[in-house]
Amino acid sequence: YEMRFEGNVKTKELEELVSAVNHMAATLSEQENLRRRLTTDVAHELRTPLTTVASYLEAIMEGVWEPTTERLQSCYDEIDRITRLVSDLEGLAQMESENLRLEKLEINFLELAKNVGNNFAAELDKKKLHLSIEGEPAIVSVDEKRMIQVIANLLSNAVKYSHESGQIRIHIKDTEENVLFVMEDDGIGIPAKELSLVFERFYRTDKSRNRKTGGAGVGLTIAKSIVDAHGGTIAVDSEEGKGSRFIVTLPKHTRS
Ligand code: ADP
């Protein structure tokens with residue numbers, strides 16, 4: 001922005017300057033608010049499991065509680081939760097850093113999805129879920145490791161938010177322009193008013209907030225930033241009580 005004052009300061013130029021400064025101030029305060037919220041959220045996410053572990057250990061050390069396997073398991077689960085949160089945060093920070101470098105390779109997306117699916121065999125069995133992966137062997141140039149993470153994050157949500165004996169369907173579609181990854185589950189679904197929020201950091205629907213199985217709410221944020229980095233899009237469509245559908249669209253021809 002360049003201002004020149006010749007003789008009298010012109011009202012119009014002053015107005016423009018004021019508006020530019022206001023805009024800058026608003027952007028800065030928005031960023032500051034976001035940063036502050038992030039810190040508060042992380043602190044909160046850490047405090048809950050830490051309080052649990054501390055109070056369990058205290059009761060055991062004071063001899064109030066027997067160190068039963070069940071109680072130790074609870075402590076372990078909470079520590080596991082903290083560990084996952086920390087690695088999620090690392091992943092998020094890495095994704096959001098400026099110098100995100102993708103190591104792209106031509107891969108068959110159907111094969112990739114099937115490989116990730118195989119890694120979920122035990123989790124699927126535990127809930128008696130049925131997973132089908134079908135479609136076209138679409139070839140696309142992606143960062144394989146990161147795409148595995150996208151599919152794994154989506155699939156792990158489908159598992160978490162499905163009822164016992166549910167169905168999860170993955171369909172790979174190959175169009176002229178894009179490769180589409182469509183995943184449908186018949187689980188608990190997402191309330192319409194919360195749909196637009198699920199990709200936000202630390203967002204969890206009220207339902208999953210109360211669940212033991214819920215994560216920290218960054219899985220979809222990470223998935224979205226990976227897909228964004230590939231020039232693709234990720235969308236969700238859901239009906240509460242019926243199930244959800246996530247659609248990842250990846251461009252086959254990128255400019256870079
Ligand atoms: P979380 O670690 O809590 O699963 P995510 O970022 O992966 O965090 O997801 C954010 C929220 O979106 C979840 O807490 C859950 O409320 C909702 N969600 C995500 N996937 C599904 C799904 N397949 N079915 C129902 N709700 C889902």
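Atoms within each ligand, like the ligands themselves, are counted from 1 in listed order. Just so you know, residue 1 is the first one in the sequence shown, and it goes up from there.
- At least one heavy atom of Phe246 sits closer than 4.0 Å to an atom of ligand 1.
- In this structure a side-chain-to-backbone donor-acceptor pair under 3.5 Å is present from Lys127 to Lys160.
- An N or O contact shorter than 3.5 Å is missing between Thr221 and ligand 1 by distance.
- When the shell of 6.0 Å around CD of Glu164 is examined, it contains more than 12 heavy atoms from other residues, nucleotides or ligands.
- Panel note: side chain Ser141, backbone Glu106; no donor-acceptor pair is recorded below 3.5 Å.
- For Asp186 (side chain) and Gln167 (main-chain N/O), a donor-acceptor pair under 3.5 Å exists by modelled atom type.
- Heavy atoms only, all atoms of each residue included: Ser162 and Leu129 are closest at CB-CD2, 3.7 Å.
- At least one N or O atom of Gly219, backbone or side chain, sits closer than 3.5 Å to an N or O atom of ligand 1.
- Residue Lys160 approaches ligand 1 through these ligand atoms, each under 4.0 Å from one of its heavy atoms: 1 (P), 2 (O), 4 (O).
- Within ligand 1, counting atoms from 1 as listed, the ones closer than 4.0 Å to a heavy atom of Val198 are 10 (C), 12 (O).
- Contact annotation: Val218 has at least one heavy atom less than 4.0 Å from an atom of ligand 1.
- Short contacts between ligand 1 and Ser244, defined as distances under 4.0 Å to a heavy atom of the residue, involve ligand atoms 22 (C), 24 (N), 25 (C).
- Ser74 is not listed as a side-chain neighbour of Thr52, based on a closest heavy-atom distance of 4.5 Å or more.
- The distance criterion of under 3.5 Å between nitrogen or oxygen atoms is not met by Ile190 with respect to ligand 1.
- The shortest heavy-atom distance from Gly187 to ligand 1 is not under 4.0 Å.
- Panel note: side chain Arg71, backbone Glu66; a donor-acceptor pair is recorded below 3.5 Å.
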